[in-house]
Amino acid sequence: NGADGKDGKDGKDGNDGADGTDSPIASQAEFMHISFDDVTYCFQNLKNKAATYTSLYDEPFFAWLKGLNEQYGAKFSLYVYNDSISGVSNKFAAEFLAAKDWLKIGLHASNGSHQFTSATYEQGKTAWNAFVDNVVRITGSYLNIDRIPRLHTFAGSLEALRGMRDANCGALGFLSADDSRLSYYFDTELMQYMYSNDHVTDYENGLVFLTTDLRTDWFKSDFSSANTYNKPTEDNVYDELVARYTNASYANSISSYILFGHEWQFYTGSSLNSNKAWFEDACRFADEYGIDFDYAQNRKLSPTKEDIYPETTVS
C-alpha cells in the first residue's frame, strides 16, 4: 500500500487489520506527521563540530529524535533553509541514510527571510534543486528528502511551486496553514475546504496539499495566534489530541494529524528545554491510540471533491 508500518516499541506493524493481516485500506488510515520549522542549530553544530562529533547522535537534537523513534516508532521532518545546510559535510551520511525511514529533510526557504510569494518558475526550480543537491551531499541519497514540506509562511506563487514540482526529486505537494492565512495560491473557499477535509489535490497542477492541524506555539501562554477555525480547548498537546480524537466534529479532519513546532522554541543549540514535552506528548498519544507515524508522500490519499476543480474529472 506504499505506507510504512509503525515500528513501535512492541514491534507490531501499525498497518495490521483486526485479524492480524495486512489491512487493504491501510493507506487511508489516519497517520501522524511531526515536523520542525526553521531547523538551523543542529545543522550548524554538524558543520562547526564535525571534527569532534564521531556520530550524528553526538548532536543533542538528533540524539533526542532517535530516542523518540526507538521508544515510539516516531518519524520526523526537518524543514531547513538552503543557507543553513550549505557547507555541512557528508561525514554522517551513513547514519542519515540508515535513518531514512524516520528522518527526512524538507525545503523551508532559501534563507531565513525568504518567501516564494512572488517567485518565478525558474526561481522555484533553482531553489529546490539547490536544496536537493545539499541533502544528497549530506546524506548520500535522495531517500532522506521530504517531498511534501511546509514552505516559509505558507507562501509560494503557483509558478514557483510548479518549478519545485519539475525540479530534481521534485515537490509532490505542500503543507498548508494552520490559521487564517491563505496558503500559496489558494482562495478563501479552498482554504475553508482544507480546514474541514484535511487535504486537497490540485489535479490540474499535479500537487497535493495537507492542512497543518496543530502548531505547538499555541501552547505557550503568551502566544497570539491568527487561528480562527480550530483553536485548542486544552492546555497541553496530549489532551488536545485526545479531545480531537474523541470529538465527532473532527471526523473529516483527522485522517492526518499534521503537527509542527520551531526548533528555536525548545532547542538552544546545546540543550533542550521543557517545551520538548510538546512533541513527546504527541508521540505518546499516537502510541497509545494506535496511530501510525508516516510521511504524506507515502500515503495514497483519497480523492478530493470534484467541484474544487470543476474543469477536471476526478476519478
Q) To the nearest 0.5 Å, how far apart are OG in S86 and CZ in F131? A)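 The OG atom of S86 sits 13.0 Å away from the CZ atom of F131.
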Q | Distance, nearest 0.5 Å, that separates CZ of R150 from CG of D37 | A |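 Rounded to the nearest 0.5 Å, the CZ-CG separation comes to 4.5 Å.
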Where do [X] and [Y] come nearest, in terms of heavy atoms and distance?
X	Y	result
R137	I85	NH2-O, 3.4 Å
Y295	L103	OH-N, 3.2 Å
D166	K125	O-CE, 3.7 Å
T40	S84	CG2-CB, 4.2 Å

Q | Any donor-acceptor pair under 3.5 Å from D38 side chain to W264 backbone | A | no
(Q) When you measure from the side chain of K100 to the backbone of F96, do you find a donor-acceptor pair of N or O atoms at a distance under 3.5 Å? (A) no
Q. Looking at F174 versus Y184, is the centre-to-centre ring distance below 6.0 Å?
A.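 Yes, they do, as the ring centres are separated by less than 6.0 Å.
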Q | Under the side chain to side chain donor-acceptor pair (under 3.5 Å) test, residues paired with E95 that sit two or more places apart | A | S55
**Q.** Sequence-distant partners of T233, side chain to side chain donor-acceptor pair (under 3.5 Å), two or more places apart
**A.**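 Listed in chain order: nothing, the list is empty.
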Q. For atom OH of Y57, is the number of surrounding heavy atoms from other residues, nucleotides or ligands below 6.0 Å larger than 12?
A. yes
Q) Looking at E280 and R284, does any basic side-chain N land under 4.0 Å from a carboxylate oxygen? A) no
Q: Using a strict cut-off of less than 4.0 Å between a Lys/Arg side-chain nitrogen and an Asp/Glu carboxylate oxygen, indicate whether E159 and R162 qualify as a salt bridge.
A: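 Yes, E159 and R162 are salt-bridged.
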Q. Between F76 and K104, is there a cation-pi geometry (under 6.0 Å to ring centre, at most 45° from the normal)?
A.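 Verdict for F76: no cation-pi partner in K104.
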Q. Listed by chain and number, what are the ring-ring contact (aromatic ring centres under 6.0 Å, His included) partners of W278, not counting sequence neighbours?
A.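 Applying ring-ring contact (aromatic ring centres under 6.0 Å, His included) to W278 gives none.
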**Q.** Partner set under salt bridge (Lys or Arg N to Asp or Glu O under 4.0 Å) for E263, not counting sequence neighbours
**A.**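 Partners of E263 by the salt bridge (Lys or Arg N to Asp or Glu O under 4.0 Å) criterion come out as none, since no residue qualifies.
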Q: Sequence neighbours left out, what pairs pass ring pair (Phe, Tyr, Trp, His ring centres under 6.0 Å) with at least one residue falling in residues 133-164?
A: H108-H152
(Q) If we check side chain to side chain contact (heavy atoms under 4.5 Å, CB included) with H33, which of these qualifies: L259, D146, D294? (A)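 Of L259, D146, D294, side chain to side chain contact (heavy atoms under 4.5 Å, CB included) with H33 is met by D146 alone.
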Q) For K91, which residues count as a side chain to side chain contact (heavy atoms under 4.5 Å, CB included) partner, sequence neighbours excluded? A)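 With neighbours one apart ignored, the set is S89.
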Q | Same cluster (ILVMFWY, side-chain, under 4.5 Å), I258 and F260 | A |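 Unlinked, I258 and F260 end up in two clusters.
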Q) Out of Y238, F266, F61, Y72, which one pairs with F279 under the ring-ring contact (aromatic ring centres under 6.0 Å, His included) rule? A)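 Running ring-ring contact (aromatic ring centres under 6.0 Å, His included) over Y238, F266, F61, Y72 with F279 returns exactly one hit, F266.
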(Q) ring pair (Phe, Tyr, Trp, His ring centres under 6.0 Å), that's the test. Do Y257 and F285 meet it? Break it down for me. (A) CA-CA 11 Å; Y257 294 82; F285 162 78; 5.6 Å; yes
